[in-house]
Amino acid sequence: MAEILFISLFVLMVLGLPVAFAMAISVFAAIGLGSSYPQIVVVKEMFSGLDSFPLLAVPFFILAAEIMTGGAITHTLLRFAAQFVGHLRGGLGYANVISSTMFAGISGSALADAAGPGAMMIRMMEKGGYDRSYAGALTISSAVVGPIIPPSIVMIIYALQDQEVSVGSLFMAGVIPGLLLACGSLAANGWVSWKRDYRSADARPERAQMWRNTFMALPALGLIVLIVGGIRGGIFTPTEASVIAVFYALFCGFFVYRALRLRDLPGLILRAALISSAVLLILGAARAFAWVLVIEGVPQFLAETIIAWELSPILFLLAVNVLLLLFGLFMDPLPGVMILVPILAPISHALGIAPDHFAIVVIVNLTLGLTTPPVGSLIFVVSSAVNLRPAALIREMPPFFLANFVVLMLLTFVPVLSTWLPKISGF
């Protein structure tokens with residue numbers, strides 16, 4: 001079954017089939033050709049993978065991000081970020097990274113980050129004299145922060161696969177790594193802007209205008225504080241936080257910014273439903289895929305093999321980095337977490353690696369796969385949003401690859417960057 005499973009998956013992905021369909025069909029092929037199990041067991045496992053209360057947070061966070069974008073909150077955050085750095089050399093690039101970092105505290109998704117404020121910033125940067133391909137590459141890099149800074153859809157899925165961590169502890173663990181990734185993108189933008197002399201034609205806003213922009217941004221920034229503070233204070237669970245985020249976004253859109261209308265809601269809900277359906281379909285297919293691996297004994301075999309090598313924790317983490325970076329070339333983070341975490345997490349615990357530290361290493365690795373060809377989803381989202389060939393974006397990516405790799409190594413070798421906040425927060 002395992003041979004049929006992997007061969008089918010490889011062939012279907014080479015043919016260009018979407019990941020969810022490739023995984024589901026490969027599972028059906030493995031069951032039908034390599035076992036006596038009835039095909040209905042595949043459907044059962046797919047539904048079992050979705051039968052989880054914490055998963056309700058996924059569609060609600062996605063809906064909150066859609067309402068935020070439709071309710072002018074994204075525009076407000078962009079103005080707020082641009083007023084501090086927009087007048088500097090490379091200033092619009094800095095504003096791109098800062099606004100993506102703030103939006104990450106709302107959406108929990110790299111793709112939502114790139115398709116929402118990212119697409120707007122690309123147009124602003126192009127008007128400001130930046131190459132469109134460079135603006136797109138910067139947006140791809142800055143969007144990586146989306147799944148790292150809380151709330152995070154990937155972290156919710158990870159916590160379901162590893163009982164040694166909680167959603168709350170992972171949310172706290174992601175804050176510093178997310179900010180470090182943002183700093184890496186800022187540094188890369190500063191170097192490229194200095195080299196190409198990207199300057200801003202706009203002067204810094206007057207102090208009165210800056211105060212107005214800041215005052216208008218406070219309600220939007222309040223959502224970030226509400227989500228993180230509420231979960232940290234034990235006021236509500238991450239799932240409850242996602243529902244509160246939707247109602248808070250509705251309140252801001254209708255009564256604070258007054259940019260949201262009742263007739264806008266059906267379209268926003270439809271877009272959120274389509275995105276949620278795609279995410280949940282991937283999760284269901286990944287659950288069935290992982291079930292075949294388990295009954296074939298693949299996780300147990302790999303665990304026994306790796307333990308027999310008697311690797312030190314550092315060597316194990318380096319090996320995991322290589323494995324996940326290669327895995328991320330062909331697979332999105334969600335199925336990667338579903339398939340690999342049940343295999344690798346128990347080994348890391350046996351080696352004494354802090355659960356939150358290992359979780360961040362895994363999540364950052366797999367998220368970086370969104371920026372790398374041939375399957376990098378962020379590349380294709382940004383490519384379609386600004387009508388650019390993927391090759392043009394990829395040519396601009398090396399400085400950002402380097403910056404993200406440096407941050408990844410820091411997170412790998414300095415565990416306290418991932419464990420300090422959860423520890424002082426009581427997790």
Measure the spacing between SG of Cys183 and CD1 of Ile176 and express it to the nearest 0.5 Å.
11.0 Å
Checking Val407, Leu179, Ile360, Leu180 against Leu417 for side chain to side chain contact (heavy atoms under 4.5 Å, CB included), the one that qualifies is Leu180
Over all atoms of both residues, closest heavy-atom pair of Ser418 and Pro177:
OG-CG, 4.1 Å
Donor-acceptor pair, side chain of Ser100 and main chain of Val97, under 3.5 angstrom:
no
What's the separation between atom CG in Leu138 and atom OG in Ser193, rounded to the nearest 0.5 Å?
8.0 Å
Could you grab the distance from atom CE of Met338 to atom CZ of Arg287, nearest 0.5 Å is fine?
6.5 Å
Any donor and acceptor pair, going by atom type alone, linking the side chain of Ser383 with main-chain N or O of Leu388 inside 3.5 Å?
yes
Could you give all pairs that pass the ring-ring contact (aromatic ring centres under 6.0 Å, His included) test and reach residues 9-29, with sequence neighbours left out?
none
For the residue pair Leu268 and Leu63, what are the closest heavy atoms and their distance?
O-CD1, 4.2 Å
Residue pair Gly129 / Tyr198: nearest heavy atoms and the distance that separates them:
O-CE2, 3.8 Å
Leu265 vs Leu260, side-chain contact (heavy atoms from CB on, under 4.5 Å): CA-CA, chis, key distance, verdict
CA-CA 8 Å; Leu265 288 183; Leu260 197 62; 4.2 Å; yes
Quick one: closest heavy-atom pair of Val167 and Ala159, and the distance?
CG2-CB, 3.6 Å
Around atom CZ of Phe413, are there more than 12 heavy atoms of other residues, nucleotides or ligands at under 6.0 Å?
yes
I'd like to check Leu262 versus Phe254 (side-chain heavy atoms, cut-off strictly below 4.5 Å). Are they in contact?
yes
Looking at side-chain heavy atoms only, is the closest gap between Phe80 and Ile98 below 4.5 Å?
no
Considering only heavy atoms from C-beta outward, does the side chain of Leu378 approach that of Val144 to under 4.5 Å?
yes
Of all the heavy-atom pairs spanning Ile153 and Leu334, show the shortest one and how long it is.
CG2-CD2, 4.4 Å
Do the side chains of Phe289 and Pro335 get nearer than 4.5 Å, heavy atoms only?
no
Counting neighbours of CZ on Phe60 that are heavy atoms of other residues, nucleotides or ligands and sit closer than 6.0 Å, is the number greater than 12?
no
Is atom CD of Gln39 surrounded by more than 12 heavy atoms (other residues, nucleotides or ligands) closer than 6.0 Å?
yes
Can you tell me how far OG of Ser242 sits from CZ of Phe236, rounded to the nearest 0.5 angstrom?
10.0 Å
When you measure from the side chain of Asn365 to the backbone of Val361, do you find a donor-acceptor pair of N or O atoms at a distance under 3.5 Å?
yes
For the residue pair Phe255 and Phe251, does the interplanar ring angle fall in the parallel (under 30°), tilted (30 to 60°) or perpendicular (over 60°) class?
tilted
Is it true that the side chains of Ser142 and Ser185 contain a donor and an acceptor less than 3.5 Å apart?
no
Are any of the side-chain heavy atoms of Leu408 and Leu325 separated by less than 4.5 Å?
yes
Short question: side chain of Thr371, backbone of Leu368 - any donor-acceptor pair under 3.5 Å?
yes
Flag side-chain contact, heavy atom, 4.5 Å: Leu323 against Leu344
yes
Apply side-chain contact (heavy atoms from CB on, under 4.5 Å) to the pair Val322 and Phe327, showing each step before the final yes or no.
CA-CA 9 Å; Val322 174; Phe327 192 89; over 6 Å; no
Hydrogens and angles aside, do Tyr134 and Asn189 bring a side-chain donor and acceptor to less than 3.5 Å of each other?
yes
Which atom pairs, donor and acceptor, lie under 3.5 Å between side-chain atoms of residues 391-405 and protein residues at least two apart or in another chain?
from   : atom 1 : to     : atom 2 : distance (Å)
Glu396 : OE1    : Arg196 : NH1    : 3.4
Glu396 : OE1    : Arg196 : NH2    : 2.7
Glu396 : OE2    : Ser133 : OG     : 3.4
Glu396 : OE2    : Arg196 : NH1    : 3.4
Asn404 : ND2    : Phe400 : O      : 3.2

Holding to side chain to side chain donor-acceptor pair (under 3.5 Å), I want the full list of residues that pass it with Arg271, two or more places apart in sequence or in another chain.
Glu66
Out of curiosity, Asp356 CG to Asp162 CG, how far, rounded to the nearest 0.5 Å?
9.0 Å
Apply side chain to side chain donor-acceptor pair (under 3.5 Å) to Ser152 and list each qualifying residue two or more places apart in sequence or on a separate chain.
none
Write down the atom of Met46, the atom of Leu281, and the distance for their closest heavy-atom approach.
CE-CD1, 4.3 Å
State, with a plain yes or no, whether a side-chain heavy atom of Val175 is found less than 4.5 Å away from one of Pro150.
yes
The criterion is side chain to side chain donor-acceptor pair (under 3.5 Å); which residues satisfy it with Ser166, sequence neighbours excluded?
Ser169
Got Ile149 and Leu181 here, is their nearest side-chain heavy-atom distance under 4.5 Å?
no
Gap separating the CD atom of Glu164 from the NE2 atom of His349, nearest 0.5 angstrom
4.5 Å
Leu317: which residues meet the side-chain contact (heavy atoms from CB on, under 4.5 Å) condition with it, sequence neighbours left out?
Ile353, His357, Phe358, Thr412
